[in-house]
> 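Can you read through this structure? Questions will come right after.
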Number of protein chains: 2
Amino acid sequence: MSAAGRTSTRDIARAAVRAELGQVAFELFRREGFEKVTLDDLAAAAGVSRSTFLRYFGTKEDAVLSAFDAKGERVADALRTRPADEDDWTALRCALDTAIEPYHQDPDGSLAMTRLVRDTPALCARQLEKQHGWRPALARALAERAGFAEPPALGHWVRASAALDCLNVAVDHWTDSDGRLDLVSLLDEAFAALAPR
Amino acid sequence: MSAAGRTSTRDIARAAVRAELGQVAFELFRREGFEKVTLDDLAAAAGVSRSTFLRYFGTKEDAVLSAFDAKGERVADALRTRPADEDDWTALRCALDTAIEPYHQDPDGSLAMTRLVRDTPALCARQLEKQHGWRPALARALAERAGFAEPPALGHWVRASAALDCLNVAVDHWTDSDGRLDLVSLLDEAFAALAPR
DNA sequence: GGCTAGCGTGACACTCAGTTTCAATTGAAG
DNA sequence: CTTCAATTGAAACTGAGTGTCACGCTAGCC
């Protein structure tokens, strides 16, 4: 969308270019390794200038990780649509179905992406940072569900964080199994591991 | 320690210089802001060359965060000394007392440090990354306690991660209260928030 | 159908973090 | 005192990210 809010022809073109650049970057990173590839390499491979590349993605990491940006909000939205009388854990678990959808849509691509991120410290760190940024929205969504006004309570923060850990642990194990294990079961198992006192 | 294992005069000097450099960096960052301060500024303020500064701390972030490096191992060690029949949550909660000790030793310094880190995206990210690196040791310690041989089960990873979240949430709230709330109570409360199904 | 204002782009210069190399110095051990 | 290894500082280099500016294309307007 442009600043005015209307989706123009230009915005569509921009999104297409962005997707294309991201794809080129992903393939180059996979083939050569993230740190071997310079911004100049990326720009050359994509047929644009270094300046342009950096205008689409503020950093090298974001060329690959910008796909994650919307995820946090989507999970928070899913959380808000859960029935009000549902307990936090069930609501969180169900909201995370939103987050694992892509892994079912495109298992091979997701596997490759997860591996690339896991094997690249810079990407790993940046992804951690992004996920950390999801927590306020999740905690706020939990607080709203509880009927509280704004400031989420300590418990909401803890449960939001723990749920994200479950997601990460489940995805890690799924990746270690080369995508053979069932991600839904792993996620259930992760949540279950939180329960026993 | 030098490579041989013996602690020599040089090693003592090194440690002293390292502590001094860290202190200078911390004060400069607090006064001017992390990103305003360049490596040249740091070196000049500490009276050493840029090269030397970078030899002591591989990155600008580590000048302030290298204090955290040992923490993960210390918590894992504390975990291993807990009675074998204790449940994971109790053991984790008690092991984390090791981690919050510095906050009682030097509340003002800890408060300043926590704020600096929280308000500086680069430091926040780097700290997150370091903490992420603690999880393997914690998960392994839990697995050992359970009598299992090496590969920690999914549940161990989940509980190790959740415990670290509790620590972080507790410290965040403690910081927000300007250190007025009791960190031990906050940590207890955080762990309690994990329980209710 | 031209005109123009604005956006996307490329070129370039710049700052700064981090790496590497090398020569000079220091200080501990024999 | 001499020798040898470790510490340091100087300097050159790579690469990420920022800022500026001028050019060209295109959408919208008369």
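In what follows, chains are A, B, ... by sequence order, proteins preceding strands, each numbered from 1. No hydrogens, no waters, no symmetry mates; every other heavy atom, side chains included, goes into these values.
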> Could you check whether B:Ser51 gets within reach of a base, just the sugar-phosphate, or nothing at all, counting any heavy atom under 4.0 Å?
base

> Taking donor-acceptor contacts at under 3.5 Å, does the side chain of A:Arg55 reach the base of C:dG10?
yes

> Which nucleotide in the list D:dG17, C:dG8, D:dT8 gets nearest to the side chain of A:Lys60?
D:dG17

> Would you mind checking if A:Asp87 and A:Arg159 are paired as a salt bridge, meaning a charged N to carboxylate O distance below 4.0 Å?
no

> Quickly work out the A:Phe29 CZ to D:dA16 C1' distance and round it to whole Å.
12 Å

> Got a salt bridge between B:Asp77 and B:Arg74, using NZ or NE/NH1/NH2 to carboxylate O under 4.0 Å?
no

> Find the distance A:Phe34:CZ to D:dA16:C1' and express it as a whole number of Å.
10 Å

> D:dA10 P sits how many Å from B:Asp40 CG, rounded?
11 Å

> Can you measure A:Arg18 atom CZ to C:dT9 atom P for me and round it to whole angstrom units?
12 Å

> Look at all strands and tell whether A:Leu39 reaches a base, only sugar-phosphate, or nothing, counting heavy atoms closer than 4.0 Å.
sugar-phosphate

> Give, for atom CG of B:Asp41 and atom CZ of B:Arg50, the distance between the pair rounded to the nearest 0.5 Å.
11.5 Å

> Starting at CG of B:Asp41 and ending at P of C:dA17, how long is that distance when rounded to a whole Å?
8 Å

> Between A:Glu27 and A:Arg30, is the closest basic N to carboxylate O distance under 4.0 Å?
no

> Can you tell which of C:dG10, C:dG18, D:dG9 lies closest to the side chain of B:Glu61?
C:dG18

> So, does B:Tyr56 get its side chain near the phosphate of D:dT8, meaning an N or O under 4.0 Å from OP1 or OP2?
yes

> Please report, rounded to the nearest Å, how far the P atom of C:dG10 is from the CZ atom of A:Arg50.
13 Å

> Could you tell me whether A:Val17 contacts a base, only the sugar-phosphate backbone, or nothing, with contacts defined as non-hydrogen atoms closer than 4.0 Å?
nothing

> Can you tell me the distance, in whole Å, between the CG atom of B:Leu54 and the C1' atom of D:dC13?
14 Å

> Ignoring the backbone of B:Thr52, work out which of C:dA11, C:dT9, D:dT8 is nearest its side chain.
D:dT8

> Charged N to carboxylate O under 4.0 angstrom, B:Arg126 versus B:Asp62?
yes

> Without decimals, in angstroms, what is the distance between B:Lys36 NZ and C:dA17 P?
13 Å

> Can you tell me if A:Ser49 touches the phosphate of C:dG10, counting only side-chain N or O atoms and a distance under 4.0 Å to OP1 or OP2?
yes

